[in-house]
Amino acid sequence: MELPKNYEPQSFETEIYSNWESSGYFRPEVDRNKTPFSIVIPPPNITGQLHMGHALNNTIQDIIIRHKRMQGYSTLWLPGTDHASIATEVKIVDQLRTEGLEKEDIGREEFLKRAYQWKETYGGKIVRQLRRLGCSCDWSREAFTMDERCSRAVREVFVNLYRKGLIYQGSRIINWCPHCHTALSDAEVEYEAQDSHLWHIRYPYADGSGYMVIATTRPETLLGDTAVAVNPKDERYKDKVGKMLKLPLTDRLIPVIADDYVELDFGTGCVKITPAHDPNDFEVGLRHNLEVIRIMDDGGVINENGYAYAGMDRNEARKKMVEDLEAQGLMEKIEPYSHNVGCCYRCKSTVEPIVSKQWFVRMEKLAEPAIKVVRNRKITFIPERFAKTYFNWMENIKDWCISRQLWWGHRIPAWYCEDCGEIIVEKEDPTRCPHCGSTKLRQDEDVLDTWFSSALWPFSTLGYPEATEDLKYFYPTNVLVTAYDIIFFWVARMIFSGLEHMGEIPFPEVLIHGIVRDAEGRKMSKSLGNGIDPLMLIDKYGADALRFSLTTGVAPGSDIRFSEEKMEPSRNFLNKLWNAARYVLMNSEGKTLPPIGSFSYTSADKWILYKLNQTVREVGVYLKKYELGMANAKLYDFIWSDFCDWYVELTKPALYGNSEKAALEALSVLTYVLKQILKLMHPFTPFITERIWRECGEKGTIMLESYPVYTKKFVFTAEYRKFEKIKDLIRAVRNLRAEMNVPVSKKLNLYIVSDIAKYIEKNSSYILKLANVEAIHFVSAKEEAGEKIASVVVPDAQVFIPLGELVDTEKELMRLDKELRNVEAEIKRGEGMLANAGFVSKAPKALVEAEQSKLEANREKRRKILANIESLK
RNA sequence: GGACGAUUAACUCAGUUGGUAGAGUGUCUUCUUGACGUGGAGAAAGUCAGGGGUUCGAGUCCCUUAUCGUCCACCA
């Protein structure tokens, strides 16, 4: 036995992991005789560092995967990383800037070379960190969204969707990030409330008959106005529709038009229409055939359409225009106003809605079946409420802008013929135009949205479009585990992609977990600096303790607050398990134990085996439902309270007694229960369980042991209940000892009056040991215990303890009085319930009977306590 | 504006078909009894946010109010 006294995870975790990895235990075979079970990892960004969110997400997946592996499934956990188009590009651009370079200076090819280099250097970091956590991923199948395989899938999907008319190119209003210089999808825009103003500006009528007042939050877009709209029902402006207005600060004339889009009761009832820079205005423009005038370039600078403001940054232009309008007496008023401003999800700059030619995925037809499979529960969300979030998004979905004006990513496989303008979208790179035969072809400069490739992840990683063995065997995957914040970005898109390209759902279950927050409940973020580094926690407490902490008290879908303090209880618990194992192993060293089942069990054995069996069942149920927090709690209670605090203590009389046979049998049960515990715990805390397992004289890894299952062999219900009475008795004596301040050095003599005296006598060794008792005397009446006695009443027994001078009569009376009050409260409650005719007639019979017998027992207890009080007086 | 979640012991949180409220931490008392002081034994501590309803019975189901939080939408 080589276990040191204290649990020191640092001394074995790394070694155990590399042992697992090199043994190939993580790598499943495509085995038709086994049922497959697969999970694809939510691929972390190559720019990322392992944070607490990853730690939680991957701990959950690893628990599920390890559990399934132990259940005998052919289990695949497919890992990989995401190229993270924008995030990575930003990093490379930053890196270039430190050298005084812009990306244009080095050109696309060189830029990509650098990006790949960067990926090689830093992209593997997070993957190594996952190993520290203990993740049993099949690294031989590791994927990357831009590797050859995934890229082929992207190409295949793009071309197929294009051919079906589900991908198209068009000039539409999109969200533009002037900082990242790219279009964004709607999902990539975050809204943030900002304090601003509502500027009321006068637009004079061209005929000199006064002016209209429009209210706007974005005065600078005035330069692109091509109309002012009013509601057709608005009596105030009925006769103005059709008139022309002089657009301030310009020389243009714009019409007053009528459109239902305008609300009657907001602002002045007049809305400036800027089709090039507002999604709603764009729609209005289409309806009224308005000119679309872009006034800003891709960097947010006013362009040549901006009159005197051309060349100014958008913020600068706003300021100057407001000044100018005031100077010209065209500013009616300025009100403070708070409204939501769209921001880029990566760089947080204010996005600019602009009209731009981009590629889109037509969503309507794709969304329909994706909604259906969740409606008819082919895919379920756990917890179910997230289905609602999903429906809300899917049912209101707009076309997905997939082109990005970046270099790092999958380049759009579209070529333009320079001669005839033909657009060519093919699975293989074209060399000549199929329309005019020209060889002057130019590939689209843009790349695809990162999420376009992530959407294909459950099948691109398995070999799609090829019908590989992996794809046939492991698709669909079994469960997807993710936080709720990427349901739109990722989950929804995987669902419609799987249905469209594979003709099958990608997974039947979506397990949603929450976000790891700090002690104050704030999101952990770099900018707040409130993040905790999981690697630091692993170094300090071990990966197992981190995993156990993260699954303590978690319920699906709910956020968890985390602080380092939460590590200690887990570490202490593992230390407890460690030492319980030491106890078992130290004592059984060099001994040949009789196999479990080959001898008759003691009362205590039956009690613990029964409890173990119950725990096995409960943990199994919770794991099936992904109630990891509950499974965790059950294991904690069983191991600490039942096994360590009780059973281990209960075996001491046998182990240190004079019967070799009894000692060996106790050790056999101890070893059996310990091993079952290790197996039960293994998915949660893989390292410590493997470490101890090795000490148990086992040859193989615990990873491949079968997970414990409920057995009829250990249904010792009656024995269990009976033994609980022995525990009650022990507890009562301990309690009395504490309350009476009896020193531990003082061994007690118990006088017991009981109907189950024989049973108590049989189990007296436990009482002697655990309650620190000298001797037990079975008597028929209290008087036999002598003078100066304390007393306790427990189920089926009365215990009298002569304490001589230690008995403080006053104190004992007070103690008895307290007990009396407790039991009387119980009696009152029971009587109340049983006096209720409704309860007696309508509640389940078993419950009523239980109440009745409880009431009788309590009345009995009261009688005895009263008698004891009486005799003391 | 809409949807969802939270509100339980001093703190952090569990509580799965409705059946006498639980854990960890902290607090108090006590113990070097041969696995563990990262421990053992014992104790104190909650009108389960407020109000109403359904029920024999509600922390649990329904309605409502309040506070906090999240997501979606977006009226210039």
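Side chains included, hydrogens not; waters and symmetry mates left out as well; all remaining heavy atoms used.
Among the protein residues, A:Phe573 comes within range of no part of the nucleic acid, since none of its heavy atoms lies under 4.0 Å from any strand. Backbone-only engagement by A:Lys566 is indicated by non-hydrogen atom pairs under 4.0 Å involving sugar-phosphate atoms exclusively. Among the protein residues, A:Arg571 comes within range of the nucleic acid bases, having at least one heavy atom under 4.0 Å from a base atom. Within 4.0 Å (heavy atoms only), A:Trp199 reaches no atom of the nucleic acid at all. A:Ala580 comes within contact range of at least one nucleobase, with a heavy-atom separation under 4.0 Å. Counting any heavy atom pair closer than 4.0 Å across all strands shown, A:Tyr337 reaches sugar-phosphate atoms only and no base atom.
Looking only at atom types and distance, the side chain of A:Glu649 has no donor-acceptor partner in the side chain of A:Tyr766 under 3.5 Å away. In this structure, a donor-acceptor pair under 3.5 Å is present between the side chains of A:His200 and A:Glu335.
Shown here, B:C74 forms no base pair; nothing in the strands shown gives a Watson-Crick or G-U wobble contact with both key distances under 3.5 Å. Of all nucleotides present, none satisfies the Watson-Crick or G-U wobble test against B:U20 with each distance under 3.5 Å.
Contact of A:Arg829 with B:U20 (side chain to base): a donor-acceptor pair of N or O atoms is detected under 3.5 Å. At a cut-off of 3.5 angstrom, the base of B:U20 holds at least one donor-acceptor pair with the side chain of A:Glu826. You won't find any donor-acceptor pair under 3.5 Å spanning the side chain of A:Asn392 and the base of B:C72, going by distance alone.
Taking the side chain of A:Tyr191 as heavy atoms from C-beta on, and the options B:C71, B:A35, B:C74, the nearest nucleotide is B:C74.
Of the possible donor and acceptor atoms, one in the side chain of A:Arg734 sits under 3.5 Å from a partner among the backbone N and O of A:Leu770.
Contact annotation: A:Lys576 reaches the phosphate of B:G40 (side-chain N/O to OP1 or OP2, under 4.0 Å). Residue A:Trp578 places no side-chain N or O under 4.0 Å from the OP1 or OP2 atom of B:G39. Contact between the side-chain N/O atoms of A:Lys747 and the OP1/OP2 oxygens of B:U33 is not found at any separation under 4.0 Å. Under 4.0 angstrom from either OP1 or OP2 of B:G37 there lies at least one side-chain N or O belonging to A:Lys5.
Geometrically, A:Arg493 engages A:Trp400 in a cation-pi contact, judged by NZ or CZ lying under 6.0 Å from the ring centre and within 45° of the ring axis.
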